[in-house]
Amino acid sequence: GNHTDNSYNVVWMEGTFDLPITNNTLIDGVTITGGYADLNSSNRERGAALQLINASPIIVNVVFRDNYALNFGGAVHGNTGSTAHFYNTVFHNNSVGRFGGAVLANNVMRFYNTVFFGNRAGERGGAVNGPSNYVLLDNSIVWGNNAPAFPQLFNVIASYSIIEGGILGVGILNEDPGFLNGEKGDFRLNMQ
């Protein structure tokens, strides 16, 4: 019943510079929840659900929910040697003390058909905090996230997506997606 004693990082993927984990690695169809990365040393304050070090997996049909990190990437953190791709994923109710409520990327990350909802950052990037021009988001919904600066996205290139508050990009809508009950994790769209 005490989430503060949970694992610092639920999934830890670490390759080396010479032998990185490649996109031949697949994470598919799981929920990663309850990570609590609050140790302010040795990367244990970032990426509570998924820590990527020289790792570039493909992540498909995964839910990242209720994870917390002290500094960087409430759910996912990728170092400069990591270039992960996410398909059909959901990031819900993740939080971080500083940057990237759901994700902090230090290199290329791509998100397709992804929902970011109800994530929070203490400083910047309520959903995603990226390096300049390396994080790509396509055909996704980013809504109801929160941070003092850039409450939805920071340094993200988006296209054909619904983003609260809007963002420069091709095919961007700033219209409530009409989830049936996003607060409770029901992201089916209300057809009315």
Side-chain angles (χ1 to χ4, degrees), residues 23 26-32 47 49-50 52 55-65 67 72-78 80 82-96 99-121 123-192:
N23 62 8
L26 175 69
I27 300 174
D28 187 359
V30 298
T31 297
I32 304 176
L50 177 60
L52 301 171
S56 303
I58 303 293
I59 295 102
V60 181
N61 304 318
V62 173
V63 175
F64 296 90
R65 181 181 69 221
N67 298 286
F72 309 112
V76 176
H77 176 268
T80 56
S82 299
T83 59
H85 292 140
F86 297 79
Y87 299 88
N88 303 321
T89 52
V90 173
F91 291 86
H92 176 234
N93 200 39
N94 300 287
S95 61
V96 69
F99 306 117
V103 176
L104 188 132
N106 285 297
N107 200 342
V108 174
M109 279 195 190
R110 295 191 172 148
F111 298 90
Y112 305 95
N113 306 323
T114 297
V115 172
F116 291 94
F117 185 89
N119 302 288
R120 296 167 307 284
E123 295 186 29
R124 182 180 69 209
V128 180
N129 193 104
S132 183
N133 300 326
Y134 284 124
V135 176
L136 306 175
L137 180 103
D138 188 53
N139 197 38
S140 296
I141 299 173
V142 184
W143 202 267
N145 303 286
N146 194 0
F150 301 92
Q152 304 304 321
L153 305 168
F154 179 73
N155 278 346
V156 173
I157 297 173
S159 60
Y160 304 104
S161 296
I162 297 173
I163 300 172
E164 185 175 9
I167 189 174
L168 289 177
V170 176
I172 302 301
L173 298 176
N174 178 18
E175 298 175 12
D176 190 326
F179 294 129
L180 283 177
N181 194 342
E183 286 77 20
K184 295 202 183 235
D186 187 346
F187 298 111
R188 293 176 297 163
L189 300 180
N190 186 343
M191 298 307 291
Q192 298 182 9

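Numbers here are sequence positions counted from 1.
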Is there a side-chain contact between Leu137 and Ile163, using heavy atoms and a 4.5 Å cut-off?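 They are in contact (side-chain heavy atoms under 4.5 Å apart), so the answer is yes.
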Check: Leu50 and Val62 side chains under 4.5 Å, non-hydrogen atoms: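 They are not in side-chain contact.
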Does Leu168 CG have over 12 foreign heavy atoms under 6.0 Å away?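 Not buried by this count: 12 neighbours or fewer within 6.0 Å.
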Heavy atoms of other groups near Phe187 CZ, more than 12 under 6.0 Å: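 Enclosed.
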Got a second to check how far [X]'s [atom1] is from [Y]'s [atom2], nearest 0.5 Å?
{"X": "Asn145", "Y": "His92", "atom1": "CG", "atom2": "NE2", "answer": "9.5 Å"}
{"X": "Asn23", "Y": "Thr83", "atom1": "CG", "atom2": "OG1", "answer": "7.5 Å"}
{"X": "Leu104", "Y": "Asn129", "atom1": "CG", "atom2": "CG", "answer": "5.0 Å"}
{"X": "Leu52", "Y": "Thr80", "atom1": "CG", "atom2": "OG1", "answer": "12.0 Å"}
{"X": "Phe116", "Y": "Ile141", "atom1": "CZ", "atom2": "CD1", "answer": "11.5 Å"}

Under the side-chain contact (heavy atoms from CB on, under 4.5 Å) rule, what do Phe64 and Ile59 come out as? Steps first, then yes or no, please. CA-CA 11 Å; Phe64 296 90; Ile59 295 102; 4.1 Å; yes
So, Asn93 versus Arg120: side-chain donor-acceptor pair below 3.5 Å or not?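 Note: Asn93 and Arg120 side chains meet the donor-acceptor criterion.
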Compute whether any side-chain donor of one residue and acceptor of the other, for Thr114 and Thr89, lie under 3.5 angstrom apart.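 Note: Thr114 and Thr89 side chains meet the donor-acceptor criterion.
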Parallel, tilted or perpendicular: which one describes the rings of [X] and [Y], with boundaries at 30° and 60°?
{"X": "Phe72", "Y": "Phe99", "value": "parallel"}
{"X": "Tyr112", "Y": "Tyr87", "value": "parallel"}
{"X": "Phe111", "Y": "Phe86", "value": "parallel"}

Look only at the side chain of Ser161 and the backbone of Asn139, and say whether a donor-acceptor pair between them is shorter than 3.5 Å.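 Present.
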Is a side-chain N or O of Glu123 found less than 3.5 angstrom from the main chain of Pro148, in a donor-acceptor match?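 Side chain of Glu123 to backbone of Pro148, a donor-acceptor pair under 3.5 Å: no, none is there.
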Which atom pair, heavy atoms only, marks the closest approach of [X] to [Y]?
{"X": "Asn119", "Y": "Gly126", "result": "CB-O, 3.3 Å"}
{"X": "Ile167", "Y": "Ala158", "result": "CG2-CB, 4.2 Å"}
{"X": "Ser159", "Y": "Asp138", "result": "OG-OD1, 2.6 Å"}
{"X": "Arg65", "Y": "Asn94", "result": "C-OD1, 3.6 Å"}
{"X": "Ala121", "Y": "Gly101", "result": "CB-N, 3.7 Å"}
{"X": "Asn155", "Y": "Val135", "result": "O-CB, 4.1 Å"}

Side chain to side chain contact (heavy atoms under 4.5 Å, CB included), paired with Phe91, selected from Val128, Val76, Val142: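 Exactly one pass, corresponding to Val76.
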So which pairs with a foot in residues 176-189 pass salt bridge (charged side-chain N to carboxylate O under 4.0 Å, His left out), sequence neighbours left out?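 As it turns out, the salt bridge (charged side-chain N to carboxylate O under 4.0 Å, His left out) pairs with a partner in residues 176-189, which skip direct neighbours, are Asp186-Arg188.
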